[in-house]
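Here the structure comes first, spelled out in structure tokens, and everything after it is commentary.
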Amino acid sequence: MAQEQTFSSVHIGQQSGGSIFERIWWNIHDTLVITRRNLTYYTRLPQLLVFSTIQPVMFLLLFTYVFGGAIQTPGGEYINYLLPGILIQTVMFGGTQTTIGLAEDLSKGLIDRFRSLPMGRAAVLAGRTVADSIRNLFVVILMTSVGYIIGFEFQNGLLNALVAVAVLILFGHAMSWIFATIGMLVKDPETAQVAGFIWVFPLIFASSIFVPTTTMPDALRTFAENQPVSVVANVVRDLTLGTSTGDFWLALVWITTIWLVFAPVAVWQYRRAAS
Amino acid sequence: MTDTIVVEDVYKAYGDVNALNGVSLSVREGKIFGLLGPNGAGKTTLVRILTTLLKPDAGRVEVAGIDVLKDSMALRRVIGLAGQYPAVDEQLTGRENLVMVGQLYHFSRSEAKSRAQDLLKRFSLTDAADRPVKTYSGGMRRRLDLAASIVARPKVLFLDEPTTGLDPRTRMEAWEFIRELVRDGATLLLTTQYLEEADALTGFITVIDEGRVIAEGTPDELKSRLGSDVLELRVSRDINLKRVESLLQPIGKDMPQIDLQSGDISIAVNDGTRSLLDAVRILDGEGISIEDIGLRRPTLDDVFLSITGK
């Protein structure tokens, strides 16, 4: 009896728990608190801001001017082919920071502190991935602007351009959960530097991001054409250029599947995390 | 008085290693309780179980009337935790750290801000409040971490080796702040490897080693149960120490120990005050003048060494 009383007074005292709607509201609230924390990092760590803005712009300029002249792409200017792809590369590279950041939080005991607080179980990771998505949106706008200066143009109308950006951001968000899962698994920041990056390289370079896959050897080409990065890159390119090389619904299936698999796995890792 | 923490027969193993081997203890409301033991004794494991971070393999754990396993979310609202290393965000300022924790306890932003302001003042961090934590010294981080653990004015507070890694002066300072934590009537469980720390801060100590409780009691009880008082004296230089040794032998438990370098004599005795008087009477009767004499209680270090056998 006494136990029950303590229990209910605690609930009222701190205005959480309660109905399903209240719980959803507090989960969103907690996620936003963590999102804000992660976005604050960009104002405190110049190297993070450089990594996520200047470096992708450098890649864009390098590929356009160094390799661009020598690469033959269907449908005109290389910049038009390149930009949709390099946006995906940017979103993927940016995600590696999530692996490192979470491994750091874990090794410094911050995850323990968060886990001892009465906050939503998914909020620390969700806040992280939402912050990633906001950064991605910012970088996509920045790079598209730079792209416009050096000759890129949306060829397929504003609506399709917006859908292309939406697909990019959704893909980035789904990938963030993979990066988060790896961060929770590797635990120490040094390993995370490597573990966050190593699997990203084959996905980015063995893909249709920079060059059409047609000249690749058969085995590589089969992989390159069917892996999610290419599938999504083709769809984003179709939406911006008005071509039809990809499968829009297949891209959505990939994004949804990645999300459905890795969000629960990451949260499960978080719940049993030990630093 | 009720028990705020009840631990009954708790087991926890990591693979083949038994971290906890049937630990039972209870902590009274409003007390400072010390959990003492060497590295690897199972202290941190027990704290992690009590703070919902880890599930025990077996046993019952209740904190503030809430079953840790049944309603961990309700429990998290009434506890505070400061782990072995300060768990504060290096990139945020001290103030941002505390406001964030307050918001995650679901206080409104203005309430979280005002609590942060109070705590910064209470822990002497007002001047550094708006600097990123990465510029803080070890002692400041520790203070911020302690402040973060009491943002929600917890009923029960857990501090896992709160002064590990601090220099002696900062440690003394931290003790002051730890005493401050329970000012509002919280119950505090503190783990430490330092016996002097348990002695200085806690009212009741449980000693664990290899996942088992091996002794418990107040610091004084532990000391008087397991160690005897020590009589220490020094006589003038020209006196033959051998003679003093034979004169004092009857009052000690064992042979008097003589430090030939300094001429200090120490004797383990059963009844401290009585023996002190006896020693003075005997030496005075022989016309030996005493330069210095005193009674030393055994330190917890003496106790600890004798029970763990390490």
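Chain letters run A, B, ... following the sequence lines, proteins first and then strands; every chain starts at 1.
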Can you say whether [X] sits under 4.5 Å from chain A via the side chain, the backbone, both, or neither, judging by heavy atoms?
| X | answer |
| --- | --- |
| B:Lys55 | neither |
| B:Thr44 | neither |
| B:Ser72 | neither |

Check this for me: [X], atom [atom1], are more than 12 non-hydrogen atoms of other residues, nucleotides or ligands nearer than 6.0 Å?
| X | atom1 | answer |
| --- | --- | --- |
| A:Arg121 | CZ | yes |
| A:Trp199 | CH2 | yes |
| A:Phe138 | CZ | no |
| B:Tyr85 | OH | no |
| A:Arg271 | CZ | no |

If we ignore hydrogens and angles and just use 3.5 Å, is the side chain of B:Arg77 paired with the main-chain N or O of A:Pro118 as donor and acceptor?
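Between the backbone of A:Pro118 and the side chain of B:Arg77 there is no qualifying donor-acceptor contact (under 3.5 Å).
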Where does the angle between the aromatic ring planes of A:His29 and B:His106 fall among parallel (under 30°), tilted (30 to 60°) and perpendicular (over 60°)?
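Answer is perpendicular, since the angle exceeds 60°.
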Among residues 40-51 of chain A, those lying within the under-4.5 Å heavy-atom range of chain B are A:Thr40, A:Tyr41, A:Arg44, A:Leu45
Once rounded to the nearest 0.5 Å, what's the spacing between atom CG of B:Leu50 and atom OG of A:Ser116?
12.5 Å
For [X] against [Y], the heavy-atom pair lying closest together:
| X | Y | result |
| --- | --- | --- |
| B:Arg76 | A:Leu117 | CD-O, 3.2 Å |
| B:Ala87 | A:Arg113 | O-NH1, 3.2 Å |
| A:Arg115 | B:Leu53 | NH2-O, 3.1 Å |

Which is it for A:Lys108 and B:Glu90 under the side chain to side chain contact (heavy atoms under 4.5 Å, CB included) test, yes or no, and what are the steps along the way?
CA-CA 10 Å; A:Lys108 285 183 180 156; B:Glu90 303 247 307; 3.8 Å; yes
Any residues in residues 95-103 of chain B near chain A, with a heavy-atom distance under 4.5 Å, and which are they?
B:Glu96, B:Met100, B:Val101, B:Gln103
Part of A:Ile34 within contact of chain B (heavy atom distance under 4.5 Å)
side chain
